[in-house]
Amino acid sequence: MNDASLPRFWRDPRLPHLELRRVEDGRKVCYAPHSHEQWSLGAVTAGESTFHYREARYRIHAGSLVLMNPEWVHACNPIDDEPWAYRMLYVDADWLTRLRHAAGLIEAPHWQDIPTAVVAEPEWYAGYVAMTDALLDPQRDLLDKQSEAVEYLSALMHHLAGQPAWPQSLPPAILRELAAYLDEHAAQEVSLDDLCQRSGYSSGHLIRAFKQHFGLTPHAYLINRRIQLGQRELKRGRPIAEAALNAGFSDQPHFQRTFKRLVAATPDQYRRPLPEQ
């Protein structure tokens with residue numbers, strides 16, 4: 001028997017650049033602020049929700065699409081225990097970059113942030129539902145699924161290409177270096193003293209400056225990275241305990257609690273996509 005409150009994950013090894021999450025009753029689905037390595041495109045299929053995206057806050061409802069750039073901090077949560085449902089597609093950023101570059105929408109084959117956060121036009125919502133229905137349908141051929149995804153995402157990228165560019169200001173070089181250090185050592189113990197020594201910042205200044213530019217404190221950034229590592233491990237079929245250790249967690253219960261807080265699903269739910277009915 002299906003539980004509508006359970007998150008359902010779709011993955012296909014033949015389409016490694018796409019991953020889909022589906023929730024039919026999201027009243028208990030709550031996220032802490034987090035980010036993804038992928039570009040994300042979601043649709044509210046029923047009810048209403050709040051969408052926090054960097055400093056902005058949106059109230060979204062059935063028929064809304066939300067767009068999230070890689071590494072941009074966000075969270076979607078229910079409103080006063082009101083029912084809502086959604087589908088979220090995670091798209092590999094390198095694959096999408098190649099698609100945009102081949103279409104002539106970006107000058108160089110390097111990721112370029114998309115400024116649009118919410119799309120409300122009914123035709124784009126309907127197209128999204130049709131595309132994700134195709135991905136979820138076990139009777140659809142691989143070529144059919146590939147074509148549906150490429151056609152829809154290409155058309156959406158063309159539609160969004162005319163939007164004004166997002167004004168980008170890079171973090172100071174020292175903070176970019178610290179973020180890269182955290183990326184490289186995410187599975188290891190990292191101390192605030194070490195980060196201060198590397199940056200020359202005081203502890204208070206470092207935490208404030210890092211959060212200002214990355215949306216998360218250094219510790220929250222590190223934990224977010226560890227959960228991303230854990231997701232990769234689980235998708236490779238690693239046992240939960242092994243995934244926890246490889247991602248830098250000292251024990252499985254800590255990994256499971258943190259995973260649920262950031263992914264709004266248990267590691268077991270994530271590693272074993274439920275069959276669609």
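- For the pair Tyr128 (side chain) and Arg87 (backbone), a donor-acceptor distance under 3.5 Å is present.
- At least one donor-acceptor pair closer than 3.5 Å links the side chain of Ser64 to the backbone N or O of His61.
- Other residues, nucleotides and ligands place no more than 12 heavy atoms under 6.0 Å from the CD atom of Gln197.
- Of the possible donor and acceptor atoms, none in the side chain of Thr258 sits under 3.5 Å from a partner among the backbone N and O of Phe255.
- Looking at Asn246, its side chain never comes within 3.5 Å of a backbone N or O of Gly230 through a donor-acceptor pair.
- Exactly one residue among Trp10, Tyr90, Tyr270 makes a side chain to side chain donor-acceptor pair (under 3.5 Å) with Glu19. That residue is Tyr270.
- One finds a salt bridge joining Arg236 and Glu233 here, because a Lys/Arg side-chain nitrogen approaches an Asp/Glu carboxylate oxygen to under 4.0 Å.
- Counted within 6.0 Å of NE2 on His219, heavy atoms from surrounding residues, nucleotides or ligands total 12 or fewer; the atom is thus considered open.
- For Asp94 and Arg98, the salt-bridge test fails: no basic side-chain N is under 4.0 Å from an acidic carboxylate O.
- Ring pair His36/His34 is perpendicular by interplanar angle, where above 60° counts as perpendicular and below 30° as parallel.
- The shortest side-chain heavy-atom distance between Tyr53 and Val118 does not fall under the 4.5 Å cut-off.
- The environment of NZ in Lys235 is crowded: more than 12 heavy-atom neighbours from other residues, nucleotides or ligands sit within 6.0 Å.
- In terms of hydrophobic clustering, with Ile, Leu, Val, Met, Phe, Trp and Tyr side chains grouped at heavy-atom distances under 4.5 Å, Ile79 and Tyr31 are assigned to different clusters.
- With hydrogens and angles ignored, the 3.5 Å screen pairs a side-chain donor or acceptor of Ser49 with a backbone N or O of Asn77.
- Note: the hydrophobic cluster containing Leu245 does not contain Ile227 (ILVMFWY, side chain heavy atoms under 4.5 Å, direct or indirect links).
- With respect to the salt-bridge test (charged N to carboxylate O, under 4.0 angstrom), the residues Glu48 and Arg59 qualify.
- Note on Glu184 versus Arg225: no salt bridge recorded, every NZ/NE/NH1/NH2 to OD/OE distance being 4.0 Å or above.
- Using a distance-only test at 3.5 Å, with no hydrogens or angles considered, no donor-acceptor pair links the side chain of Asp141 to the main chain of Asp144.
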Evaluate side chain to side chain contact (heavy atoms under 4.5 Å, CB included) for Leu156 paired with Leu160, printing each intermediate quantity in order.
CA-CA 6 Å; Leu156 181 62; Leu160 298 174; 3.9 Å; yes
